[in-house]
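These notes concern the structure reproduced below.
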Amino acid sequence: MPKKGELSKTARASLANRESVNHLTNRVCAKCGEPIMLAELQPVKVVGMGMKYYHKAHYNVQ
């Protein structure tokens, strides 16, 4: 058992193994038509049309 204020062994290991995964996806931005990196992906569910994908900077809620 970890002492008060300390993380468990499993929690420390998971924090140490965390890396930022960012790769080019096969999704294309509906606004600009360019492929989207995983960190910038903003999926949006459109009623009656399905899913649309945008760069986070290109998607605005009206």
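Basis for what follows: all heavy atoms, side chains included, without hydrogens, waters or symmetry-related copies.
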State, yes or no, whether a side-chain contact exists between His58 and Gln42 at a heavy-atom distance under 4.5 Å.
-> no

Can you list, pair by pair, the side-chain donor-acceptor contacts under 3.5 Å of residues 24-31, counting residues two or more places apart and other chains?
residue: Thr25; atom: OG1; partner: Arg27; partner atom: N; Å: 3.4
residue: Thr25; atom: OG1; partner: Ile36; partner atom: O; Å: 2.6

With sequence neighbours left out, write down each residue that passes ring pair (Phe, Tyr, Trp, His ring centres under 6.0 Å) with Tyr53, or none if nothing qualifies.
->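 With neighbours one apart ignored, the set is empty.
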
Hey, could you give me the CG/NE2 distance between Leu41 and His55, rounded to the nearest 0.5 Å?
-> 9.0 Å

Got a sec: does the CE of Met49 have more than 12 other heavy atoms crowding it under 6.0 Å?
-> no

